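The block underneath contains the structure these notes are about, expressed in structure tokens.
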Amino acid sequence: MVEIQLKGAPAQIGLARGRQLKYAIQLASEHWGPGHTHQYSRKEAHAYGRRMARDMAQRCPQLMEEILATGKGAEMSEDDICAYAFRCWNALSDHPATLACYNFAAHDSKRGPVIAGVLEDSPPFYLLETVRPKSGHAFYGVTWAGMAWAGRCINEKGLAMGQASSFAGTRFAPGAHKFPFDLYARVFYAQRWAIQNAATVDEAIDIIRGFECASVIMLADRSGKVVILETCGKLHAVRAPDELGVLTGGVFLAPELIKALIDQGVAHDWECGVRANQRVSVHLRKAKGKTTMEWMAKYLQTEREDGGWCHDGMQSATIACPSTGEFWVSGYRPCACGFRKFRVKDL
């Protein structure tokens, strides 16, 4: 997996990112961005990007500054970088939302709680950023080329997080296959702002909730606390591990959240998510307390048809242990590329 180093104030971080990844960002934008699918016009994509940029400038001006600086470094217009940064192709294309990415946690008898998970997609140029901001905490974060995100991450305080796409909307309404995408587009920035500014699970949850976003996020900190935050706009629920330390999540599972959203339709394959939750939980419990980081790595490197996770849509996997500060990172198909090992003491 490609790794880049970034440091400084928001504009410095963005400009350096854009310059280092200019051609990858331009290629990714053309592949995913305005007009590529022929389901919307470039004008519509730019209008959507500007609207989301105005929203982000109010919620977190520092991140908006970083986004615009990234575009400047990549020699892209503000309209193009904003359409790309807020995923215009998802917001404007007529398609159903589907389950993607996953989180799970268990207890390593020697290390303590460990969280792991995968990022699933078609290849939008995933890479690892090592970020040392002028203000806040240094962190490792897996993201797409040109995105000011941290989809799977850990910071110098030992706070670790992993995101999985979950939505609510009107998928089941006659003729409707859309969902309120603004909530989802914001979650990546909420998580990034939390990993840069929070030291504990509770601090991170407060930051993420302030963005009014939609997703399922697993969090763990040095105190040993592990939770899953299920958030959708102003609604949220928190789930804790069972008596073995096992916790899994990719879709909304908290009863109170499902009850609140059921009239809108849960805009992903919820039954598929429930089956995944059951399958992964069984694997973790069968390990009977032997869920070490090494066990987690082997599980992630085992092919899906053999009971593991590795498959063609798996772009990255991470394993994090807050108590030791270990962060293991894999790129595309961990069964082929293995894991690189990082420590927060090196940040």
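Keep in mind the model is a prediction, meaning the values are calculated, not measured. Just so you know, these numbers use all the heavy atoms, side chains as well, and skip hydrogens, waters and symmetry mates.
- The minimum heavy-atom distance between Tyr84 and Ala145, with the atom names listed, is OH-O, 2.7 Å.
- Both tests hold for Lys341 against Trp328: distance to the six-membered ring centre under 6.0 Å, angle to the ring axis within 45°.
- The side chain to side chain contact (heavy atoms under 4.5 Å, CB included) test with Arg333 is passed by exactly one of Glu303, Met314, Gln301: Glu303.
- Remark: aromatic rings of Phe339 and Phe327 are distant, center separation not under 6.0 Å.
- Using a 4.0 Å cut-off between a side-chain N of Lys or Arg and a carboxylate O of Asp or Glu, Glu30 and Arg42 qualify as a salt bridge.
- A salt bridge does not link Arg50 with Glu78: every distance from a Lys NZ or Arg NE/NH1/NH2 to an Asp or Glu carboxylate oxygen is 4.0 Å or more.
- A distance below 6.0 Å separates the ring centres of Tyr140 and Phe342.
- Using a 4.0 Å cut-off between charged nitrogen and carboxylate oxygen, Lys290 and Asp108 do not count as a salt-bridge pair.
- In terms of heavy-atom proximity, Glu326 sits nearest to Ile154 at O-CD1, 4.1 Å.
- In summary, the aromatic rings of Phe104 and Tyr299 are positioned with their centroids under 6.0 Å apart.
- Annotation: Tyr40 is not in aromatic contact with Trp89 [ring centroid separation under 6.0 Å not met].
- Remark: Glu243 does not engage Arg285 in a salt bridge, criterion side-chain N to carboxylate O under 4.0 Å.
- By the 4.0 Å N-to-carboxylate-O rule, Asp55 lies too far from Arg51 to be salt-bridged with it.
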